[in-house]
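Below: one structure, written as structure tokens.
Each chain gets a letter, A, B and so on, in the order its sequence line appears, and its residues count up from 1. Because only heavy atoms are used, hydrogens play no part in the values below, and waters and symmetry mates are left out as well, while side chains stay in.
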Amino acid sequence: MPELPEVETVRRGLAPAMEGRRIEKLVLNRADLRFPFPENLVETVERKTIVALGRRAKYLLIDLDDGMTIIAHLGMSGSWRVEEADNAQLPGWFHAPRNVNALHDHVVFQLSGSPARRVIYNDPRRFGFIKLSPKSELEADPGFAGLGPEPTGNRLDAAYLATRFVGKTQAIKSALLDQRNIAGLGNIYVCEALWRARLSPFRAAGHLVTPTGRPKGGLKTLVPAIRAVITEAIEAGGSTLRDHRKTDGTLGYFQHSFSAYDRTGSLARTRIAAAL
DNA sequence: ACATAGACCTGTTGGC
DNA sequence: TGCCAACAGGTCTATG
């Protein structure tokens with residue numbers, strides 16, 4: 001499911017449900033997802049209080065009060081949802097969305113408070129994973145070392161990308177998907193950003209840079225396009241194609257704004273429909 | 001360094 | 001209706 005806007009949407013949904021609460025019990029319904037769970041996962045997080053929810057790239061970060069951080073990646077089909085233990089309905093909250101099969105509820109956080117609350121990680125394809133790291137050592141984690149800048153942050157600009165792309169024959173789409181260049185983009189938002197910048201995905205990344213490593217016009221157009229797409233998608237709650245839900249079970253909305261992704265032949269289809 | 005293919009999984013979709 | 005191939009938002013590895 002998730003590119004950066006979807007993970008950020010999840011973070012914003014989970015934060016008010018989790019922050020300040022204690023993890024009374026962590027239930028693992030299987031031994032692994034993409035990777036085995038850390039052996040000490042349960043004893044590390046149980047009876048700890050959740051301090052804050054963060055995000056880096058497509059990683060969700062759950063900070064605990066002892067300095068440990070739970071690192072969660074949603075893979076292709078991961079989703080999180082919140083349930084009140086007594087099924088009480090909080091404003092804007094929900095029960096399990098219809099498309100979530102409890103068969104794939106792999107991890108359950110039982111939180112303190114009244115009524116008690118469960119936060120559940122569901123992932124049919126199990127490409128997601130959960131790891132642990134001391135917060136102070138996050139940057140050294142293999143998943144984080146070498147990660148490029150956040151698309152909405154100050155570190156991303158045309159000059160920076162020019163240093164990454166200079167001389168490269170690699171297609172610009174491929175270069176944008178490389179998390180070492182920019183963190184958090186995936187297939188959808190790369191397509192959308194390239195479309196907005198009117199750049200072919202097949203164009204060589206190095207073609208957007210002068211031989212001396214200065215950004216050309218196309219790259220200067222691309223950077224704001226990336227920022228705008230990501231910002232708008234976050235505001236829309238991400239894109240729901242199949243799996244992605246906000247943590248309250250409602251749909252993301254940005255798919256209605258797609259200009260490029262999943263629109264192969266749509267102009268032709270429109271013409272045909274109009275002619276009939 | 002890069003492109004490509006295959007791997008990991010299950011669920012949905014579209015064509016016949 | 002049923003079957004089956006193709007495909008899906010993400011990485012990671014092997015191979016050329």
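At whole-Å resolution of the value, CG in N122(A) and C1' in dT10(B) are 11 Å apart. In this entry the distance linking NE2 of H244(A) with C1' of dG10(C) reads 16 Å, nearest Å. In this structure, the CG atom of L103(A) is 15 Å from the P atom of dC9(B), given to the nearest Å. As a whole-Å value, the separation of R242(A) CZ from dT13(B) C1' is 9 Å. One interatomic measurement links the two molecules: CG of D32(A) to C1' of dC12(C), which rounds to 16 Å at whole-angstrom precision. Atom pair F35(A):CZ and dT11(C):C1' shows a separation of 8 Å (rounding to whole Å applied). Remark: P of dC12(C) and CG of L147(A) are 10 Å apart, rounded to the nearest angstrom. In this structure, N101(A) atom CG and dT10(B) atom C1' are separated by 10 Å, rounded to whole Å.
Side-chain N/O atoms of H104(A) include none lying less than 4.0 angstrom from OP1 or OP2 on dC9(B). Contact annotation: H73(A) reaches the phosphate of dT11(C) (side-chain N/O to OP1 or OP2, under 4.0 Å).
Look at the P atom in both dT11(C) and dT12(B): the space between them is 23 Å, to the nearest Å. Remark: the separation of the P atoms in dA6(C) and dA5(B) is 15 Å, to the nearest Å. For the P atoms, the distance from dG14(B) to dG9(C) is 15 Å, rounded to whole Å.
Connectivity analysis of hydrophobic side chains (ILVMFWY, heavy atoms under 4.5 Å, direct or indirect) links Y253(A) to nothing; its cluster partners are none. Grouped by direct or indirect side-chain proximity (heavy atoms under 4.5 Å, Ile/Leu/Val/Met/Phe/Trp/Tyr only), I120(A) sits with V27(A), V108(A). Think of L147(A) as one node in a network of Ile, Leu, Val, Met, Phe, Trp and Tyr side chains linked at under 4.5 Å; its network also takes in F35(A), Y59(A), L61(A), I71(A), F129(A), L138(A), F144(A).
Using a 4.0 Å cut-off between charged side-chain N and carboxylate O, D65(A) and K48(A) make no salt bridge. A salt bridge does not link D248(A) with K246(A): every distance from a Lys NZ or Arg NE/NH1/NH2 to an Asp or Glu carboxylate oxygen is 4.0 Å or more. One finds no salt bridge joining D32(A) and R34(A) here, because no Lys/Arg side-chain nitrogen approaches an Asp/Glu carboxylate oxygen to under 4.0 Å.
The neighbour count for R30(A) CZ, taken as heavy atoms of other residues, nucleotides or ligands under 6.0 Å away, is above 12. Shown here is E39(A), whose CD atom has no more than 12 heavy atoms of other residues, nucleotides or ligands within 6.0 Å.
Qualifying side-chain contact (heavy atoms from CB on, under 4.5 Å) partners for A205(A), counting only residues two or more places apart in sequence or in other chains: F165(A), K168(A), I172(A), A175(A). Checked against side-chain contact (heavy atoms from CB on, under 4.5 Å), S112(A) has the following partners two or more places apart in sequence or in another chain: R21(A), R22(A), E24(A).
Applying the side-chain hydrogen bond (donor to acceptor under 3.5 Å, both in side chains) test to pairs two or more places apart or on separate chains, those with a residue in residues 138-157 of chain A are R55(A)-E150(A), R56(A)-E150(A), K131(A)-D141(A). Within the structure, every pair that satisfies the side-chain hydrogen bond (donor to acceptor under 3.5 Å, both in side chains) test and touches residues 203-223 of chain A, not counting sequence neighbours, is listed here: T210(A)-T212(A). Pairs of residues two or more places apart, or lying in two chains, that qualify as salt bridge (charged side-chain N to carboxylate O under 4.0 Å, His left out) and include a residue from residues 103-116 of chain A are R81(A)-D105(A).
Using a 4.0 Å heavy-atom criterion, one finds that Y189(A) contacts no nucleic acid atom at all.
Contact check for P5(A) versus E8(A): no side-chain heavy atoms found under the 4.5 Å cut-off. Contact of the R245(A) side chain with the S79(A) side chain is not registered, since no non-hydrogen atoms from C-beta on lie closer than 4.5 Å.
The side chain of Q179(A) lies closest to dT11(C), out of dG11(B), dT11(C), dG9(C).
Nearest-nucleotide assignment on DNA chain C puts the 5′-proximal partner with L241(A), out of L241(A) and Y59(A).
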What does the list of N/O pairs under 3.5 Å between the protein and nucleotides 2-5 of chain C look like, with a distance for each?
none

Give each protein N/O atom lying under 3.5 Å from an N/O atom of nucleotides 1-7 of chain B, with the pair distance.
{"unit_1": "dC2(B)", "atom_1": "OP1", "unit_2": "K168(A)", "atom_2": "NZ", "d": "3.3"}
{"unit_1": "dC2(B)", "atom_1": "OP2", "unit_2": "K168(A)", "atom_2": "NZ", "d": "3.2"}
{"unit_1": "dA3(B)", "atom_1": "OP1", "unit_2": "A171(A)", "atom_2": "N", "d": "3.4"}

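Base pairing in DNA chain B yields stems of at least 3 consecutive Watson-Crick or G-U pairs, both distances under 3.5 Å, namely B:2-8 with C:10-16, B:10-16 with C:2-8.
Contacts between residues 123-133 of chain A and DNA chain B, defined by a heavy-atom separation under 4.0 Å, are made by P124(A), R125(A), R126(A), F127(A).
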